[in-house]
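So the structure is just underneath, and the comments pick up after that.
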Amino acid sequence: MSKYTEEQLEEELKTQEYKYGFYTDIESDTFPVGLNEDVVRAISKKKNEPEWMTEWRLEAFRVWEQMEEPEWANVHYEKPKFQDIAYYSAPKQKPKLNSLDEVDPELLDTFKRLGISIDEQKKLANVAVDIVMDSVSVATTFKKTLGEKGIIFMPISEAIQEHPELVKKYLGTVVPTSDNFYAALNSAVFSDGSFCYIPKGVKCPMELSTYFRINEGGTGQFERTLVVADKGSYVSYLEGCTAPMRDENQLHAAVVELIAMDDAEIKYSTVQNWYPGNKEGKGGVYNFVTKRGLCENNAKISWTQVETGSAVTWKYPSCILKGNNSVGEFYSIAVTNNFQQADTGTKMIHLGKNTKSTIISKGISAGKSQNSYRGLVQINSRAENARNFSQCDSLLMGNECGAHTFPYIETKNKSAQIEHEATTSKIGEDQLFYCNQRGIDTEKAIALIVNGFSKEVLNKLPMEFAVEAQKLLEISLEGSVG
Amino acid sequence: MLKIENLQAEIDGKAILKGLNIEVKAGEVHAIMGPNGAGKSTLASVIAGKEEYEVTGGNIELNGEDISELAPEERAHNGVFLSFQYPVEIPGVSVTNFIKTAINETRKAKGLEDMPAKDMLKMIREKSELLEIDRKFLGRSLNEGFSGGEKKRNEIFQMAMLEPKLAILDETDSGLDIDALRIVANGVNKLKSKDNAVIVITHYQRLLDYIVPDFVHVLHDGKIVKTGDASLALELEAKGYDWIKQELV
Ligand SMILES: Nc1ncnc2c1ncn2[C@@H]1O[C@H](COP(=O)(O)OP(=O)(O)O)[C@@H](O)[C@H]1O
Ligand SMILES: [Mg+2]
């Protein structure tokens with residue numbers, strides 16, 4: 001290690017950049033706006049994809065062309081003009097800054113309050129990192145450990161090249177290209193994303209996180225993730241980042257597919273903090289996500305999410321409980337403030353016998369925002385002894401926001417046991433005064449009350465993520481009262 | 001310690017306190033008694049700075065400083081503590097987490113670092129023993145599903161932790177059975193010193209058998225109408241409030 005000179009280190013960093021797909025071929029970096037078969041072909045070609053992948057995308061495109069944008073969600077926004085979007089741009093190398101002094105002070109302030117370390121701040125704000133031994137060695141050890149266990153964790157574009165048989169076998173099996181408008185669009189034009197495969201019986205020894213790749217290549221607006229946990233394996237996957245994500249792309253339409261084979265378990269945690277628009281409701285990201293997991297016998301999938309960003313969110317992480325004794329869980333905190341709109345929830349589809357699902361949804365609305373929970377619990381005729389417990393709690397701040405709950409229950413088997421509880425509460429003047437009287441100011445009191453309200457979900461997050469998420473809730477609601 | 005002169009306050013345009021005077025010195029215990037609706041809780045809330053009440057006249061001084069413009073949390077930082085007649089619930093926030101936040105926010109306001117976890121733990125042990133509070137209780141959500149007595153005991157536990165200069169106990173005795181009353185009163189007595197003061201708001205003489213007041217005031221229709229020593233409480237117990245009302249006519 002002592003022989004490891006600065007030049008060698010720099011060299012290694014450079015190769016890494018290349019590896020994760022920073023293209024320097026500026027001329028052909030961005031395609032003209034609009035979407036047609038030629039553009040889809042060109043995207044595929046650009047990525048050097050095999051023929052089957054190109055066909056797969058084209059198929060999706062043809063389906064998408066026939067589809068209409070969904071209207072049923074409780075959100076109102078100006079529809080994106082799909083022919084005005086450029087569908088391919090290589091991950092842009094953001095301008096490198098020389099020091100933290102050049103970073104937007106507001107952004108820095110947020111980092112500080114989130115308790116993000118200086119090194120991490122630099123990474124996130126795209127400041128040239130002075131050679132940090134630590135992070136390099138961490139990344140290296142990380143890759144080595146995974147490799148030894150046979151775990152594959154890489155950008156999906158790379159997996160298409162290196163593990164085509166796996167990608168071909170599973171891609172689109174949980175979220176078919178024809179599933180919905182945004183999923184079809186994503187399938188046709190997805191830019192990049194992550195691929196993860198855990199071999200039989202392997203317990204992944206660390207949290208897998210897209211965080212590790214945060215600065216190594218933007219995955220763009222159409223992200224695609226595929227996680228396959230083979231029989232008896234376990235993985236905990238973290239997506240997103242509590243730091244505010246600024247992006248010029250208004251429309252984001254990601255697809256995430258999870259496959260948990262017999263006796264496998266996948267824990268998928270998300271913290272989403274896209275730019276929500278300003279206080280007047282201008283700008284902000286539209287986030288239309290399709291996330292779904294498939295459970296075989298005795299398998300378990302848990303979705304945990306903390307959603308604080310985006311102007312418009314449309315998102316329903318779901319579980320198909322196909323195998324007997326399989327378990328699906330959904331734990332969610334969705335915060336809306338100012339003019340944000342969120343329509344989010346889950347679908348639990350019980351197909352197998354003795355399947356069990358749990359839904360805990362916590363919606364927090366402030367400002368003039370609208371926060372909707374939409375959940376479907378479906379018990380199919382062969383699903384003997386299926387059980388579901390749902391709890392949807394809404395917390396309101398002020399009189400101008402809205403909370404809505406749309407639970408749908410479809411039961412085709414009489415042995416099903418379904419419990420649904422819903423509450424709506426308001427942060428009361430009396431609660432705030434009580435806290436104030438104990439020396440806690442109103443801002444902190446709100447944070448305390450909100451954290452208490454969200455506790456059951458926060459507890460499901462991996463420890464270090466939970467602490468950041470807690471601070472994130474605090475920051476998202478700043479200025480929401482008084 | 002506390003000096004209130006000609007205090008007038010209203011809520012929704014309705015006058016509740018109508019020229020109230022009281023002075024409490026360090027080391028003293030004052031009892032405020034009076035019929036329902038007399039304005040006892042209003043007085044407590046106004047001293048603590050509840051914003052719904054509009055102060056329309058008079059002043060409130062704490063240690064020689066006018067506090068009537070201070071926010072409630074600033075008054076708390078200055079040593080004002082109110083044991084609520086009706087403590088509120090905060091679901092998901094444990095008693096421990098709440099008191100930790102309260103202590104550290106108060107320290108922060110004074111420019112101090114957070115209290116080291118070790119010291120906090122020691123203090124929690126001491127004070128919960130003093131008030132015979134079960135360890136399990138400290139992990140429960142604040143006031144959620146607490147019995148009336150548990151809520152009051154928890155208020156006094158917080159008082160013990162925060163070590164205020166001026167503690168106002170608003171009907172802390174209601175909802176307590178005789179054993180709990182003894183424990184709570186004993187706790188209050190142990191926390192009493194020559195540097196702090198206590199105002200006990202109560203309906204009944206019962207609590208005053210344990211916490212013996214130096215002064216007893218009768219609050220009626222927004223004013224202190226009579227002041228005496230501990231024997232006044234006994235007299236009130238025997239004769240009821242009508243006696244005072246008649247005396248006023
Ligand atoms: N929030 C409020 N709005 C309107 N009237 C109130 C409010 N709070 C108290 N009051 C009125 O003020 C008077 C005094 O109440 P309070 O201070 O609670 O009396 P006490 O504690 O002596 O029983 C009562 O007539 C009560 O109805
Ligand atoms: Mg009262």
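Proximity to chain A is absent for every atom of Ile103(B), based on heavy atoms less than 4.5 angstrom apart. With a threshold of 4.5 angstrom between heavy atoms, Pro164(B) does not approach chain A through any atom at all. Of the atoms belonging to Leu162(B), it is side-chain heavy atoms, and not backbone ones, that fall under 4.5 Å from chain A. Of the two parts of Ala109(B), neither the backbone nor the side chain holds a non-hydrogen atom closer than 4.5 Å to a non-hydrogen atom of chain A. For a residue to count as touching a neighbouring chain, one of its non-hydrogen atoms must lie under 4.5 Å from one of that chain's; by this rule Glu74(B) does not touch chain A.
In this structure, the side chain of Arg75(B) engages the main chain of Ile47(B) through a donor-acceptor pair within 3.5 Å. Side chain of Lys40(B) to backbone of Ile32(B): no donor-acceptor contact under 3.5 angstrom is found. Remark: side-chain polar atoms of Asn337(A) are not paired, donor with acceptor, to backbone N or O of Ser369(A) under 3.5 angstrom.
The choice from His77(B), Gln158(B), Glu52(B) that makes the most heavy-atom pairs within less than 4.5 Å of chain A is Gln158(B).
Contact record, Pro72(B) with Glu51(B): CD-OE2, 3.4 Å, taken as the closest heavy-atom pair.
For the pair Arg438(A) and Tyr434(A), the cation sits on the ring face: its NZ or CZ lies under 6.0 Å from the ring centre, inside 45° of the axis.
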